[in-house]
Amino acid sequence: MNSTISIIFAVIYYTAAILAVRRLKPSIRSLTLCGIMIAMTLVLEAIQIPLPTGTTMPLCSPVPLIILAVMTDKGHAVLSGFICGILAMLLIPAWQPIHFAQFFVEHMVCFSCFGFAAIFGTDKKWKILLGTVLAFILKTAGHLISGVLFFSKNAWDGWGAWGYSLGLNMSMIIPLTVICCIIVILLPLEAMKKQVNKTVKEKKAK
């Protein structure tokens, strides 16, 4: 049953991800931004804050990918998220998979999902926030399924695999979501986007 749920989730998610990147036309500007945001994401992900539940919370690592989705489009951020998942596995000890399937249901989902922060549009802050919440729901699903499949042996007494995974991951996801949403609200995303576009136009004019 658990394996069936994970397969259904993976099929739906990767179908949406492929649709997001299929018409991607990267430019030097977008590739440069992608490289910068990937580096920032990995640095922030490597800084982990211990939580009382025994898990840890990254230092707002989703924010660079959310900014990337807003400043370019969801396709660039989804693709950058996939690259982050690969590099995190290689560079961050906590992200080393214990099973090859974990790479597909957690590693490749929990970063690339933030490309969907732009799925409802980027012209209004509330649309970006709505997309950000959706991205965190997808991230939660990836962590939740991974916890059930690969870490259920660590379940607390009486909690069961799903209860344990949900409780442990929500203790990290909820504060991370709140903090990242506050940062998104405070950041002048529209001004940042206009400045980037202005710089590109000036370079083309030259």
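Given the structure is predicted, the values throughout are model-derived calculations rather than measurements.
- You'll find the side chain of Leu134 reaches within 4.5 Å of the side chain of Phe120, heavy atoms only.
- In the displayed structure, Ile28 atom CD1 is contacted under 6.0 Å by at most 12 heavy atoms of other residues, nucleotides or ligands.
- Proximity of Leu44 to Val63: side-chain heavy atoms (C-beta onward) are nowhere separated by under 4.5 Å.
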* Leu59/Ile49 under side chain to side chain contact (heavy atoms under 4.5 Å, CB included): CA gap, chis, key distance, verdict -> CA-CA 7 Å; Leu59 187 61; Ile49 303 170; 4.0 Å; yes
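- Under a hydrophobic-cluster definition in which Ile, Leu, Val, Met, Phe, Trp and Tyr are linked whenever side-chain heavy atoms come within less than 4.5 Å, directly or via other members, Tyr14 and Val21 are assigned to the same cluster.
- Under a cut-off of 6.0 angstrom, the local environment of NZ in Lys125 is crowded, with over 12 non-hydrogen atoms contributed by other residues, nucleotides or ligands.
- Side chains of Leu24 and Asp73 form a contact here, defined as non-hydrogen atoms less than 4.5 Å apart.
- Residue Leu68 is tested with Val78, Ile36, Leu33 for a side chain to side chain contact (heavy atoms under 4.5 Å, CB included); the sole match is Leu33.
- The aromatic rings of Trp156 and Tyr164 sit perpendicular to each other, their planes meeting at more than 60°, with 30° as the lower class boundary.
- Note that CG of Leu138 is 8.5 Å distant from CD1 of Ile119, once rounded to the nearest 0.5 Å.
- Here the straight-line distance linking atom CE of Met108 with atom CE of Met89 works out to 9.0 Å at 0.5 Å rounding.
- Side-chain atoms of Thr177 come within 3.5 Å of backbone atoms of Ile173 as a donor-acceptor pair (strictly under, hydrogens ignored).
- Residues Gly121 and Lys127 share a closest heavy-atom pair of O-CB, 3.6 Å.
- For the pair Ile92 and Ala46, the tightest heavy-atom approach, listed with the atom from each and the gap, is CD1-N, 4.1 Å.
- The distance from atom CG of Leu168 to atom CG of Leu144, rounded to the nearest 0.5 Å, is 10.5 Å.
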* Step by step, work out the side chain to side chain contact (heavy atoms under 4.5 Å, CB included) result for Met170 and Thr140. => CA-CA 8 Å; Met170 291 306 290; Thr140 302; 3.8 Å; yes
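- Of all the heavy atoms in Glu45 and Pro58, the pair that sits closest is OE1-CB, 3.5 Å.
- Phe100 and Phe104 have perpendicular rings, their planes meeting at more than 60° on a 0 to 90° scale where under 30° would count as parallel.
- In the hydrophobic clustering of this structure, Ile183 groups with Ile185; members are Ile, Leu, Val, Met, Phe, Trp, Tyr whose side-chain heavy atoms approach within less than 4.5 Å, directly or through other members.
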* To do: Mind running side chain to side chain contact (heavy atoms under 4.5 Å, CB included) on Met57 and Ile179 for me, showing each step along the way?
  => CA-CA 11 Å; Met57 183 181 74; Ile179 293 171; 4.0 Å; yes
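- A continuous path of hydrophobic side-chain contacts links Ile98 to Phe103 [ILVMFWY only; heavy atoms under 4.5 Å].
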* Walk me through it: do Val109 and Phe9 pass the test side chain to side chain contact (heavy atoms under 4.5 Å, CB included)? => CA-CA 10 Å; Val109 172; Phe9 170 73; 4.0 Å; yes
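- At least one side-chain heavy atom of His76 sits less than 4.5 Å from a side-chain heavy atom of Ser30.
- The SG atom of Cys34 sits 9.5 Å away from atom CZ of Arg29, with the distance rounded to the nearest 0.5 Å.
- Judged by distance alone, with hydrogens and angles left aside, the side-chain atoms of Lys74 form no donor-acceptor pair with the main-chain N or O of Ala118 at under 3.5 Å.
- Of all heavy-atom pairs spanning Cys180 and Cys60, the tightest one is SG-CA, 4.1 Å.
- Ring-plane geometry between Tyr13 and Phe116 is classed as perpendicular, the angle between the planes exceeding 60 degrees on a 0 to 90 degree scale with a lower cut at 30.
- For the pair Leu90 and Trp95, the minimum side-chain heavy-atom distance is 4.5 Å or more.
- Here the side chains of Val148 and Ile5 are not in contact, with every heavy-atom distance at 4.5 Å or above.
- The shortest heavy-atom contact between Gln48 and Thr56 is OE1-OG1, 2.7 Å.
- The shortest side-chain heavy-atom distance between Ser146 and Phe151 falls under the 4.5 Å cut-off.
- The same ILVMFWY cluster, assembled from side-chain heavy atoms under 4.5 Å apart, contains both Ile174 and Leu166.
- Summarising the geometry of Ser6 relative to Ile145, their closest heavy-atom pair is CB-CG2, 3.4 Å, with the distance given to 0.1 Å.
- Residues Leu91 and Ile83 share a single hydrophobic cluster, defined by chaining ILVMFWY side chains whose heavy atoms lie under 4.5 Å apart.
- Note that NZ of Lys139 is 10.0 Å distant from OG of Ser112, once rounded to the nearest 0.5 Å.
- The closest side-chain heavy-atom distance from Phe136 to Leu176 is below 4.5 Å.
- Taking CD1 of Ile66 as the start and OG of Ser61 as the end, the distance is 9.5 Å to the nearest 0.5 Å.
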